[in-house]
Structures are given as structure tokens and as C-alpha cells.
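Written out below as C-alpha cells is the structure these notes cover.
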Amino acid sequence: MKIKEMMKFAWDNYKQYALGKNELRPLTKNGHIGNMFGGLRGATVVDALDTLYIMELEEEFQEAKTWVEKSFDLNVNGEASLFEVNIRYIGGLLAAYYLTGEEVFKSKALELGEKLLPAFNTPTGIPRGVINLGSGMSWSWGWASAGSSILAEFGTLHLEFLHLTELSGNPVFAEKVLNIRKVLKRVEKPQGLYPNFLSPVTGNWVQHHVSIGGLGDSFYEYLIKSWLMSDKKDSEAKKMYDDALEAIEKHLVKKSAGGLTYIAEWRGGILDHKMGHLACFSGGMIALGAEHGGEERKQHYMDLAAEITNTCHESYVRSDTKLGPEAFRFDAGTEAMATRLSERYYILRPEVVESYLYMWRLTHDVKYRQWGWEVVKALEKHCRVEAGFSGIRDVYTTVPTHDNMQQSFFLAETLKYLYLLFCEDDVLSLDDWVFNTEAHPLPVNHSNFKAKASVQ
């Protein structure tokens, strides 16, 4: 299968030129470490484990597992993003453990989880965004508004931390994330919306910028997924999700002159009519959450999900490469296109194909497979280079400049979602698995659930 071949190509080149570094730089054929993971290495290895396993790339999976056993060092010193380490490393290790039952993945996940706990030592228990994995010192991102924590970061720990408690028997992980939820329930929401910045000291919003794209996105996703992962027992999460979605629909969902439904951003009551690629996960999320109203509500949300997914597809179709830009606008006669150069790049992001997968699984409308195949062809044509896959700097030119970066999430998410789009529904069935925001599958907590679950 083509997508399996793409995964093998991405992995083989990473292994040859960058094994142990965080990402492959495919044009210069070397590795990149970056400063997001605080001295941790092998981000691509950990992100790729479950995809290799699901695709039955057995030899490659063994190579990755061996690296984790022999070379993955957690005794590091450096500034790590709590959010990125959680979704990529902890999520990747947990999924690999649940798929294979191999103890090494569980023990590494728990050991790394312990190192993240000092970030929660704040007056409110809302964690700071950056932690030194060696010293346990934590602080807020320099660029974040007035020492605040970011909604999408502290709101995207819940799924993984519940599993850390489940596997370790140590309640501390669950307590940390349940406390975050308590703070968020208590704080006043302007118009029912959740702004993107919250002070970990006072527990108040720092400014009123609301976005379903970056900074806000996966908080909403983890509310509905917390409910699904609890086998629909966590009614608090469901209610928070329903209320948030209602406010989003009331204040942020708009229809363009050309009839495209999009989700705008909100700055203190003023709308910015732009949608980021990251916000394109929301079609899939809304479809996933639609199951569960009455028939009329369900149809309403399935329609909304289909409209948003269609808008994101339009952002791909309207570009010369048939890949979508980082952000696209709806103003001054422009629809679903990037206007400024700084928003025209595509870095192998998964959110649009993620929504295609959910829409396919929940409707079986064949157009979603066709749309997915358009992306496969575009990736092959414009992003595949001699030694891997690279992002491109401008989707509106067919002679693209490559950015020389094969992101780890390309292997974790983009290729996994594309592969699953063409699989039978029982491969990682949505009844039994919930994907974390890095596409790492975590098991639904059916009361009869056994840790060693098989993929098929």
C-alpha cells in the first residue's frame, strides 16, 4: 500500500541520517535536535512507534523499540515544553505499551511522567508551560502574555495523565488534571468562551483572545475525548464540551459570502476572520461529539462538521500544490486562502486528513477517501525529496521551496490518519480507542478492559 511505503521511506531515511536526533532534515541529510524537548532525543522514534506497529512494518518497529530500550535517556537537563513532551513522548510510549504489552514502554512513560510533576507546583495547580527535566524548575513561556499558561497546553494533559495513574496505581497524575478541570469550571467564562491565557498564580484569564486553532485547539478535543475514553461516564467533561461548543457556535462560527462555514478567532469581542490549519481538526471533533445528542442535535452537528471539513478541503483545493496553508482568511473577497506570505507554508500537518478520517468513519461518504488520496498525491509530488519528506514554504507555487524538516508528527499523525482512512473500521476502532492529540491511540476504559489489547 502506497501510504505504508511512504512511512517506510520516512522512517528509513530518519534511521539512516538522523537516528537519535529529534527530526530528520531531509535535504541536508542530517538530524535536528531543537529546544522543545529539553534534552530528550528520539522524538521521531517515539512518535513513530505505534504507526510502524499498526502498519505491520515489523522490522522497523523492532529498530525503534531497540532504540527506546538501549538509547533513550531520560536523565537530561534542559527546558522542555510540558505539552509537547506529554503529547509526543508520553502519548507515544503509552500507545506503544497498550498495543504491544511491552513493559519497556510503560516504565519509560511512568518515569517521564514523574519528571513532569514539578510543573504543577503553582498557587493554583495550573502548570507552567516549560520545565527543566533535570532540576524540576518550571516557568512560563517568555512570549506568553504576562507569565500566563496556555489553554491548549494545560488543557491537553488529561487523557495521558489518567492512564499514568491507571498504570502506576499512583493517584497523583489524575489528581493534577482533575484539579485543572476544577479551576476551569470555577473561573468565569466571557460569553461562555475559554480564553487562551490563564495565570497559574491567580487562576484568572490574562486576556480575552479565544481560538479554536493554536493556543486553544486541543483543550476542546480533550473534553469530548475524556468523555469517550471514560466509556461515556465522565459526564462533567461532556457538559463542559457541550457548553463550550454552544458558545463557539454562537459567537465564532460564521458563513462566508461564498457559502463556506468557518470558525473565526475572537479578540476581546472583535472577530478576526481567519482560520488556522490547526483549527481544521474541529470538523472531526464535532462529528465525534455529535453521536450523542438527540437525533436532531446529532444531524445538526454532523452537518456543521461536514461544512467545516469542506472549508478546510477548499483551502487545499484552492492552492496550486493542493496542500493547504498554515492559515487562511475570509475577508476582502478572499476566501479560504492565505493572504500574507508568513501564512502560506505547509509543514506536513495532519489536522485536515484527521477530519477526513473521522468523517469517513462516521458517514462512509466516499468523498473523504477521495480527498485523502488527493493529499497523498500532493505529498508525493511536492513534499517527497530524495531522503525523506519536507514541508514547503509556499503552497501557492508549484516549484516549492522546501523547509528541510521532516516533522515527527508527519509519522505519528499525518501518515497514520491517511493509512487508517483506507483501512477497515475495525483497525483501531473508535469504539475501543481514543487518539490523543498526537494521534497516539489510548484504550477506552471499558470496565472489562485488559491492557494487552490487539489492534485488529
Side-chain angles (χ1 to χ4, degrees), residues 7 42-43 45-58 60-62 64-69 72 74 85-114 116 156-171 173-174 177 218 221-222 224-234 288 354 357 361 408-409 411-413 415-417 419-420 423-456:
M7 180 69 183
V45 179
V46 178
D47 247 355
L49 282 164
D50 53 11
T51 309
L52 293 170
Y53 185 82
I54 291 155
M55 290 187 184
E56 296 175 345
L57 289 164
E58 287 163 24
E60 292 77 7
F61 174 78
Q62 285 306 326
K65 182 186 155 197
T66 299
W67 186 87
V68 172
E69 287 170 327
F72 184 34
L74 301 184
V85 170
N86 176 60
I87 67 170
R88 300 197 204 204
Y89 284 91
I90 298 208
L93 291 163
L94 287 171
Y97 171 67
Y98 283 119
L99 289 168
T100 66
E102 299 274 359
E103 286 295 323
V104 60
F105 300 131
K106 173 174 145 180
S107 64
K108 293 276 187 190
L110 293 174
E111 191 185 335
L112 189 49
E114 296 270 347
L116 299 181
T156 310
L157 305 165
H158 203 94
L159 304 182
E160 297 82 0
F161 274 52
L162 290 188
H163 277 286
L164 291 174
T165 280
E166 178 80 12
L167 292 178
S168 65
N170 182 348
F173 299 105
V177 292
S218 44
E221 172 192 350
Y222 272 36
I224 192 64
K225 288 180 175 178
S226 294
W227 181 67
L228 293 168
M229 198 175 83
S230 72
D231 209 10
K232 306 183 183 170
K233 296 184 183 75
D234 182 355
L288 195 57
E354 175 182 352
L357 171 66
R361 287 267 176 111
S408 79
F409 54 68
L411 294 83
E413 303 187 69
L415 291 176
K416 185 185 289 120
Y417 287 134
Y419 179 79
L420 291 172
C423 285
E424 295 297 325
D425 289 0
D426 62 359
V427 180
L428 293 181
S429 158
L430 297 181
D431 295 329
D432 298 319
W433 299 90
V434 168
F435 292 93
N436 91 333
T437 199
E438 190 81 3
H440 295 307
L442 300 171
V444 170
N445 184 10
H446 300 306
S447 34
N448 60 355
F449 185 80
K450 302 285 174 282
K452 175 78 179 78
S454 87
V455 189
Q456 300 303 335

Closest contact, heavy atoms only, [X] versus [Y]:
X	Y	answer
V444	L228	CG1-O, 3.5 Å
L110	S168	CD2-CB, 3.6 Å
A95	P441	CB-O, 3.3 Å
A64	V45	O-CG1, 3.6 Å
A96	T100	O-OG1, 2.7 Å
A174	L162	CB-CD2, 3.7 Å

Quick one, [X] and [Y] - any side-chain contact, counting heavy atoms below 4.5 Å?
X	Y	value
N86	F161	yes
Y97	L167	yes
V46	L93	yes
Y419	M7	no
F173	H163	no
L420	V427	yes
N436	L94	no
S226	L159	yes

Q: Decide yes or no on side chain to side chain contact (heavy atoms under 4.5 Å, CB included) for M229 and Y222, but give the supporting numbers first.
A: CA-CA 10 Å; M229 198 175 83; Y222 272 36; over 6 Å; no

Atom pair [atom1] ([X]) and [atom2] ([Y]), whose distance is rounded to the nearest 0.5 Å:
X	Y	atom1	atom2	value
S107	E102	OG	CD	11.0 Å
I87	H440	CD1	NE2	7.5 Å
L428	K416	CG	NZ	8.0 Å
F61	T66	CZ	OG1	9.5 Å
L288	L357	CG	CG	10.0 Å
D426	D432	CG	CG	10.0 Å

Q) Under 3.5 Å, side chain of H158 to main-chain N/O of K225, donor-acceptor pair present? A)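 Checked: no pair found.
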
Q: Using atom types as modelled and distance alone, determine if a side-chain donor or acceptor of S218 lies under 3.5 Å from a backbone N or O of T156.
A: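 No.
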
Q | Pair L99-W433, side chain to side chain contact (heavy atoms under 4.5 Å, CB included): steps then yes or no | A | CA-CA 11 Å; L99 289 168; W433 299 90; 3.8 Å; yes

Q) Going by the salt bridge (charged side-chain N to carboxylate O under 4.0 Å, His left out) test, which pairs reach into residues 433-445, not counting sequence neighbours? A)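 Counting only pairs at least two positions apart or across chains, the salt bridge (charged side-chain N to carboxylate O under 4.0 Å, His left out) contacts touching residues 433-445 are R88-E438.
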
Q | Non-neighbouring partners of Y89 that pass side-chain hydrogen bond (donor to acceptor under 3.5 Å, both in side chains), sequence neighbours left out | A |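 Expected list: N22.
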
Q.
Does I90 form a side chain to side chain contact (heavy atoms under 4.5 Å, CB included) with L112? I'd like the steps, not just the answer.
A. CA-CA 7 Å; I90 298 208; L112 189 49; 4.1 Å; yes

Q) For L49 and F105, what are the C-alpha separation, side-chain angles and deciding distance, and is it a side chain to side chain contact (heavy atoms under 4.5 Å, CB included)? A) CA-CA 10 Å; L49 282 164; F105 300 131; 3.7 Å; yes

